[in-house]
Every structure is written in C-alpha cells, then in structure tokens.
Amino acid sequence: MDVIVVGSVGIDTIETPTEKRESILGGSASYACAASSYFSNVGMVGVVGTDFPKNFRDVYESFNVDLAGLQTVEGDTFRWSGVYQENMDNRETISTDLNVFETFSPELPDNYKSCPYVFLANIAPELQLHVLDQVQSPKFVLADTMDLWINIAVEPLKQVISRVDMMTLNESEARHLTGEHALLRAARSLLEMGPTYVLIKKGEHGSILFSKDRIFLMPAFPLEEVEDPTGAGDTFAGGFMGSFAASGQTSEEAIRKAMVYGSVVASFGVEKFSLDRLQEVNIEEIEERAYLFREMLRID
Ligand code: AMP
C-alpha cells in the first residue's frame with residue numbers, strides 16, 4: 001500500500017440549480033481514494049452500514065481501491081445532503097446523519113500501519129488522531145478538516161495540525177480557526193502550530209501553498225461547466241497524495257508538481273455528480289489535461 005486514506009464514506013443527496021440527485025456515492029474518502037488510485041495503490045479506512053449498496057462497493061473496486069480497512073457494521077451508512085445556490089460557490093448543508101460514524105473507531109489492518117503516505121481526510125479529529133497513533137513513522141501526512149470540527153472539536157483539531165506535514169483548509173476555515181482575516185497571517189499562524197506546509201483552498205479560484213519562506217499560487221483548471229463541485233477538495237487532495245507518493249520525492253518542487261495533478265483530477269471530478277466522471281477518465285486524459293494546464297501556467 002502506498003497511500004492510505006481515512007475519511008467519511010457516505011450516501012449524499014445533492015441539489016444544484018439545475019438538478020437533484022438522491023442517494024449517490026459520496027464522502028471525503030470516496031473522492032480521495034478514487035483520485036489517488038490513478039497514481040498509487042490506495043487503501044481506504046472508514047465505515048459503512050449494512051445498507052451500503054453493493055454497486056457502490058463495485059465502484060471502489062473499479063478504481064482498485066483496497067477495502068481491507070473499510071468496516072461494515074450493523075446500522076445505517078453516513079448520510080449528508082446539501083443544496084448549491086445559483087453561483088455554485090455557496091452551499092448549504094441540509095442534513096448530516098453520522099449514523100455508523102457515531103461509534104466508529106478506525107482500526108488499521110497490519111499492512112496499512114507501515115504505509116508511507118497518509119491522508120487524514122475530513123472526519124472527526126479524534127478519529128484522525130487515532131489513525132496517527134497507529135501508523136509507524138510515515139513519510140508524509142496530509143490532513144483536511146471542515147468548519148464543523150473547528151466549532152465542536154478545536155483542541156483535538158489543533159493536535160492533528162501539530163502532528164502532520166501538511167494541513168489543508170479552505171479560505172473561510174483558515175480565517176475561522178486562526179481569527180486572522182488576511183490569508184498570509186492565517187497561514188503563518190497555522191504554520192506556527194507545526195506543519196511544514198499549509199495549503200489553503202480557494203474553490204474555483206485554486207489554492208495557495210504556504211511554507212516558512214515560500215508561497216506558491218495555483219489556479220484551478222478553467223472549465224466551461226461544473227455539474228457538481230461536491231468533493232472537489234477531497235479529489236484534489238487525493239490526486240495530490242497519489243501523484244506525490246508516486247514521485248517518491250518530498251521536495252517542495254515535488255509538492256508543486258503533485259498540486260498540478262490534484263487540480264487536474266479535481267477538474268474532471270466536478271464535471272459530473274459523485275464519481276461518475278472519474279469512472280470514465282483514464283490516465284492518458286489526465287496527462288493530456290496536465291500538459292495543457294502546465295502550458296497555461298508558463299510565464300517564461
Ligand atoms: P466537500 O465538497 O469537500 O465539502 O466534500 C463533500 C463530501 O463530504 C460529501 O460527499 C459528504 O458526504 C462529506 N461530508 C459532509 N459533511 C461531512 C462531515 N461532517 N464529516 C465528514 N464528511 C462529510
């Protein structure tokens with residue numbers, strides 16, 4: 001196993017200005033594992049209930065995601081529903097039913113414990129810490145979070161931030177957590193908590209990578225149409241981790257290159273609901289778009 005991902009595995013209901021889809025495959029771990037799988041062997045750590053449809057499991061298998069760390073327990077799978085406003089930038093959460101996540105404790109299969117690349121996707125920070133306690137000297141750990149945990153679990157979240165190599169948050173979460181409005185100050189404050197890198201996501205405007213002495217600005221790949229932006233951050237992070245692991249390097253240059261792949265895979269992901277578009281895309285199409293994207297980024 002090159003990369004393990006712990007995160008939510010869920011059944012989503014999503015409404016955009018033009019369409020409503022009910023009970024589709026979602027969850028931070030689903031998006032991240034699918035995205036990672038183009039580049040690396042990836043294992044999923046999560047939980048589903050006995051209601052989890054067989055065809056969703058088949059989707060993971062179509063991406064060759066290892067499911068040894070996916071527990072199935074009595075009860076209902078995590079469910080989430082959200083509605084996008086006209087500009088697709090603002091989203092309102094309609095409901096979150098933790099269900100089997102309420103009593104979940106992630107237990108890593110033995111062969112996951114020595115995995116070098118670990119992505120702690122959006123899930124309760126206590127659970128992220130429990131995964132960190134089980135892995136043996138990983139090479140690189142990335143963690144993500146969301147507003148909910150800043151509101152209800154800020155102390156364990158700060159512990160997570162102090163133990164990872166890279167922390168990723170969106171713009172408003174970074175401001176909320178640090179109390180700093182200027183992104184540069186918010187990023188500095190996050191770097192002071194311990195990670196070497198802080199990656200601030202800015203939705204359709206891309207992301208910014210901060211380290212102690214450097215800043216790198218990455219736009220998003222421009223698209224004509226976005227069908228469903230759900231999971232874009234998880235897809236970015238999964239594509240990032242998978243390609244970063246495959247590079248075998250840990251330099252900041254390697255991080256920047258992996259951000260290109262993260263952006264490209266995320267750009268495919270949002271073209272359709274759930275993992276539908278990612279299921280159609282192959283690595284050649286990803287490389288092709290990555291080439292176009294690098295051309296767009298060239299300034300010399
Ligand atoms: P994003 O668009 O990056 O916020 O990711 C959306 C995905 O996160 C959806 O597929 C949801 O199932 C999942 N999700 C929503 N709320 C939570 C939560 N509280 N904890 C973990 N995952 C969540």
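Just follow the structure's listing: the first ligand is 1, and inside any ligand the first atom is 1. Starting from 1, each residue takes its place in the sequence as its number.
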re atom 1 (P) of ligand 1, the protein heavy-atom contact at minimum distance is Gly231 N, 3.6 Å

Considering only heavy atoms of Arg91, which atoms of ligand 1 have at least one such atom less than 4.0 Å away?
-> 1 (P), 2 (O), 4 (O)

Identify, for atom 8 (O) of ligand 1, the protein heavy atom at the shortest distance, and state residue, atom and that distance.
-> Ser28 N, 4.1 Å

Under a 4.5 Å cut-off applied to non-hydrogen side-chain atoms, are Tyr84 and Thr230 in contact?
-> yes

At what distance is the nearest protein heavy atom to atom 16 (N) of ligand 1, and which residue and atom is it?
-> Trp80 CD1, 3.5 Å

Residue pairs fulfilling salt bridge (charged side-chain N to carboxylate O under 4.0 Å, His left out) with at least one residue in residues 142-158, sequence neighbours excluded | Asp144-Lys201

Answer yes or no: does an N/O atom from Gly26 fall short of 3.5 Å to an N/O atom of ligand 1?
-> no

Can you tell me if CZ on Arg277 sees more than 12 non-hydrogen neighbours from other groups inside 6.0 Å?
-> yes

Enumerate the residue pairs fulfilling ring pair (Phe, Tyr, Trp, His ring centres under 6.0 Å) with a member in residues 115-139, sequence neighbours excluded, ordered by first and then second residue.
-> Tyr117-Phe244

for atom 22 (N) of ligand 1, nearest protein heavy atom and its distance come out as Ser8 OG, 2.7 Å

Might you confirm whether atom CZ of Arg185 has over 12 heavy atoms from other residues, nucleotides or ligands at distances under 6.0 Å?
-> no

Under a 4.5 Å cut-off applied to non-hydrogen side-chain atoms, are Ile286 and Val281 in contact?
-> yes

Of the listed options Phe236, Phe101, Phe78, Trp149, closest to atom 14 (N) of ligand 1 (non-hydrogen atoms) | Phe78

Nearest non-hydrogen atom to atom 6 (C) of ligand 1 belongs to which of Thr230, Ile11, Thr235?
-> Thr230

Proximal atoms of ligand 1 relative to Leu148 (non-hydrogen, under 4.0 Å) = 19 (N)

Just wondering, more than 12 heavy atoms not from Glu253 lying within 6.0 Å of its CD?
-> yes

Would you call Met146 a ligand 1 contact, heavy-atom distance under 4.0 Å?
-> yes

Could you tell me which atoms of ligand 1, counted from 1 in the order shown, lie closer than 4.0 angstrom to a heavy atom of Tyr31?
-> 10 (O)

Between Phe56 and Phe52, what is the ring plane arrangement, given parallel below 30°, perpendicular above 60°, and tilted in between?
-> perpendicular

Neighbour count above 12 (heavy atom, 6.0 Å) for Glu295 CD | yes

Note the single closest protein heavy atom to atom 11 (C) of ligand 1, along with its residue, its atom name and the distance in Å.
-> Asp12 OD1, 3.5 Å

What is the nearest protein non-hydrogen atom to atom 5 (O) of ligand 1, stated with its residue, atom name and distance?
-> Asp234 OD2, 3.1 Å

